[in-house]
Amino acid sequence: MQAFLLPVIKRALESASITTEKPVQIEKPADSRNGDYSTNIALMLSRECRRNPRELALELIGHMAFPEGTVGKMEVAGPGFINFFLEPSFIMQSVEHILHEGKGFGTSCAGKGKTAIVEYVSANPTGPLTIGRGRGGVLGDCIANLLETQGYAVTREYYFNDAGRQMQILGESVRYRYLERCGRDVAFPETHYQGDYIREIADVLFIEHGDALAGSAERSVFKETAETIIFDSIRKTLERIGIRHDTFFNEHTLYMERDGDPSSNARVLELLEEKGFIGRYEGATWFLTTKLGQEKDKVLVKSSGEPSYRLPDIAYHLDKYHRGFDLIVNVFGADHIDEYPDVIEALGILGHDTSRIRVAINQFVTTTVNGETVKMSTRKGNADLLDELIADVGPDATRLFFIMRSKDSHLNFDVELAKKQSKDNPVFYLQYAHARICSLLRMAAGETGFNPAGSGHHLLQMLSLEPEVRLGFALLDFPEIIRNAVRMLEPQKMVEYLHEIAELYHKFYQECPILKADPETRTARLFLSVATRQVLRNGFRILGISAPESM
RNA sequence: GUGCCCGUAGCUCAAUGGAUAGAGCAUCAGCCUUCUAAGCUGAGGGUUACUGGUUCGAGUCCAGUCGGGCAUACCA
């Protein structure tokens with residue numbers, strides 16, 4: 001929207017014989033009394049031009065000329081800002097674009113022809129998903145949605161391992177519960193998985209096989225059954241909040257040799273060795289990260305001969321590069337904070353462009369129930385199961401609450417608030433605005449035959465009241481908000497923005513009668529409502545929440 | 001000890017280095033014979049943890065201090 005200001009400002013600088021390396025910054029002032037748009041160019045240049053910023057600003061204004069009917073007023077204000085005030089008719093005319101572009105409004109071609117992979121959730125199938133995983137899952141899903149709006153072909157990937165020690169313990173845990181179920185006297189080890197779901201899996205086996213497996217030497221059935229059941233439950237849980245993955249990458253494949261070729265893990269060791277970053281001592285194989293200024297080297301192969309998690313991690317990311325992705329996004333929780341710097345260092349050493357990797361780390365989740373804070377990392381009872389949260393507050397509230405705070409902030413999930421069917425609940429505030437518009441349009445269709453897809457868009461420019469113009473102007477920010485959210489990998493920006501749109505619409509609705517206005521004003525206001533509904537829908541789609549037509 | 005994140009209204013949180021730091025909740029006062037009151041209007045509430053620095057300008061950047069979280073495994 002503000003793009004048209006840029007060339008005029010640049011031309012004004014030329015006319016004033018000013019050449020500078022500094023970029024022209026155009027911003028939207030927080031206070032609309034300071035204009036619809038504003039530039040600080042005179043402040044930035046005052047030093048190198050040795051000019052008083054206000055004087056400089058005044059001269060620049062003298063060199064600026066805009067087409068008739070666009071910028072109504074320019075002024076120098078404060079220490080030397082140049083403020084631009086747009087003509088209301090110009091703003092409202094621009095709102096027509098939203099109607100023309102419809103579902104496509106807000107999208108961009110910035111990522112056209114490029115591919116991106118977003119890795120998220122990536123929980124091993126050792127147990128049901130916890131609330132903490134849910135936050136990363138929704139964050140990753142929204143980031144993938146955001147990238148798609150920019151034209152990227154996005155692959156949503158889930159990385160897991162069903163071959164490690166944890167999975168062995170899982171299988172053993174099930175076996176112990178099964179033996180208990182068979183009436184055998186066994187002592188369940190404290191180090192094993194305690195959750196009730198283990199008993200349920202054991203029950204499944206008992207019902208199917210009776211005690212036939214109790215004496216068997218074959219133990220893989222316990223692990224495999226557990227994996228199948230748990231993975232199934234994870235996928236169902238994710239499905240409930242609209243999360244789906246395109247690909248599931250099994251870490252185990254990185255250990256496997258193919259047609260006599262070395263495994264991916266072994267290949268990574270070879271490559272790092274060629275670069276001189278591999279050392280062997282104390283019986284283990286080390287990534288010599290001390291050469292990169294780190295305090296300690298990192299173990300890649302344990303003295304037992306097994307790779308530590310770091311090696312397959314590097315191999316996995318190498319694989320992402322081999323698959324040719326232009327952008328690689330990893331989403332994970334704060335507990336993995338130490339994991340990625342080594343991976344990125346290794347990829348850099350191996351000659352890959354590490355600027356293609358973006359890492360989104362989300363901080364932890366606590367929940368409050370009846371004002372009591374419950375920390376999620378303590379795994380007591382079933383209170384932290386994602387599935388139960390979804391059942392409790394619903395999929396829309398689950399998703400929105402996870403992303404309505406910045407990912408860098410600890411999230412306080414107020415379960416009582418999320419359940420409320422009232423205005424306190426931000427989910428309802430947003431959805432109510434949408435439902436209200438739908439209801440209005442239904443009524444308009446019945447009473448006046450208004451067609452949202454019909455003609456008459458040009459009438460928009462006759463609207464000039466403050467609630468109308470403020471709403472229209474805010475709607476035009478949508479593409480910019482998406483770009484920001486993409487740049488920062490931060491869907492929270494979208495939540496904040498949609499809240500503002502809902503608020504502006506409610507104000508407009510309150511102050512400007514729509515169906516009772518004269519026919520032209522009525523049509524114009526209905527189209528403004530249609531445009532608002534479009535922005536809400538497009539935003540909801542990115543966030544993955546539903547757009548109810550009535551409430 | 002070291003690394004990363006956080007510290008903003010009573011509470012939960014916003015604020016691409018910009019102008020008088022904003023929302024929601026809670027508190028108080030108003031608006032429905034009128035298109036959804038699941039809404040709107042108004043009031044009170046702040047030394048942005050602290051101390052310095054950089055700059056025309058700092059909640060934001062830098063250094064340090066204090067507090068909280070997460071990591072600092074031959075676990076993943």
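Values below: every heavy atom of this structure, side chains too, minus hydrogens, waters and symmetry copies. Computed from a predicted model, the values in this text were never measured in an experiment. First the proteins, then the strands, lettered A, B, ... as listed; each starts at 1.
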Spacing of the P atoms in rC32(B) and rA23(B) (rounded, Å): 25 Å
Residues which pass ring pair (Phe, Tyr, Trp, His ring centres under 6.0 Å) with F413(A), listed by chain and number, not counting sequence neighbours: F401(A), F402(A)
S529(A) and Y505(A) side chains, donor-acceptor separation under 3.5 Å: yes
Whole-angstrom distance between rU48(B) and rC6(B), as gauged at atom C1': 14 Å
Presence of donor-acceptor pair under 3.5 Å, side chain of S303(A) and base of rC74(B): yes
Touch class at under 4.0 angstrom, heavy-atom based, for M443(A) against every strand present: sugar-phosphate
Non-hydrogen side-chain atoms of L129(A) and V121(A) separated by less than 4.5 Å: yes
Between rC35(B) (P) and H434(A) (NE2): distance, integer Å: 21 Å
Touch class at under 4.0 angstrom, heavy-atom based, for S439(A) against every strand present: base
Test side chain to side chain donor-acceptor pair (under 3.5 Å) applied to N330(A) and H336(A), R358(A), H317(A), the passing residue: H317(A)
Sugar-phosphate only, base, or nothing, as touched by N124(A) at under 4.0 Å among non-hydrogen atoms: sugar-phosphate
Distance between C1' atoms of rC61(B) and rA15(B) (Å, rounded): 16 Å
Sugar-phosphate only, base, or nothing, as touched by Q25(A) at under 4.0 Å among non-hydrogen atoms: nothing
rC40(B) OP1/OP2 closer than 4.0 Å to side-chain N/O of Y429(A): yes
Sugar-phosphate only, base, or nothing, as touched by N362(A) at under 4.0 Å among non-hydrogen atoms: nothing
Whole-angstrom distance between rG46(B) and rC13(B), as gauged at atom C1': 15 Å
Pairing residues for S173(A) by the side-chain hydrogen bond (donor to acceptor under 3.5 Å, both in side chains) criterion, not counting sequence neighbours: none
Check: D297(A)/Y281(A) side-chain N/O donor and acceptor closer than 3.5 Å: yes
Rounded interatomic separation in angstrom, taking CD from Q492(A) and C1' from rU12(B): 13 Å
Separation of atom CZ in F332(A) from atom C1' in rC4(B), rounded to whole Å: 12 Å
Sugar-phosphate only, base, or nothing, as touched by K407(A) at under 4.0 Å among non-hydrogen atoms: nothing
Touch class at under 4.0 angstrom, heavy-atom based, for D338(A) against every strand present: sugar-phosphate
Touch class at under 4.0 angstrom, heavy-atom based, for E251(A) against every strand present: sugar-phosphate
Listed partners of Y497(A) passing side-chain hydrogen bond (donor to acceptor under 3.5 Å, both in side chains), at least two apart: none
Pairs meeting criterion side chain to side chain donor-acceptor pair (under 3.5 Å) with involvement of residues 511-520 of chain A, two or more places apart: D518(A)-T521(A)
Touch class at under 4.0 angstrom, heavy-atom based, for D408(A) against every strand present: sugar-phosphate
Partner of F160(A) by ring pair (Phe, Tyr, Trp, His ring centres under 6.0 Å), out of F249(A), F231(A), Y120(A): F231(A)
Candidate nucleotides rC13(B), rA76(B), rA23(B), ranked by approach to the side chain of S409(A) - the nearest: rC13(B)
Separation of rA23(B) P from L430(A) CG (nearest whole Å): 17 Å
Side-chain touch V138(A)/L543(A), heavy atoms, less than 4.5 angstrom: no
P gap between rC4(B) and rU65(B), integer Å: 14 Å
Phosphate OP1/OP2 of rA14(B) contacted by K493(A) side-chain N/O (<4.0 Å): no
Length of the CD-C1' vector between E490(A) and rU60(B), whole Å: 16 Å
Any donor-acceptor N or O pair under 3.5 Å, side chains Q166(A), Y193(A): yes
Sugar-phosphate, base or nothing in reach of R47(A), heavy atoms under 4.0 Å: sugar-phosphate
N34(A) vs A502(A), nearer the 5' end of RNA chain B by closest nucleotide: N34(A)
P gap between rG45(B) and rC56(B), integer Å: 35 Å
Touch class at under 4.0 angstrom, heavy-atom based, for S406(A) against every strand present: sugar-phosphate
For RNA chain B, stems built from three or more consecutive Watson-Crick or G-U wobble pairs below 3.5 Å: B:1-7 with B:66-72, B:10-13 with B:22-25, B:27-31 with B:39-43, B:49-53 with B:61-65
Rounded distance in Å - CZ (F81(A)) to C1' (rA19(B)): 5 Å
d(CG, L465(A); P, rC40(B)) in whole Å: 19 Å
Of residues 506-515 of chain A, the positions that come close to RNA chain B - non-hydrogen atoms, cut-off under 4.0 Å: H506(A), K507(A), Y509(A), Q510(A), C512(A), P513(A), I514(A), L515(A)
Base orientation of rC32(B), syn vs anti, 90° cut from 0: syn
Touch class at under 4.0 angstrom, heavy-atom based, for A435(A) against every strand present: base
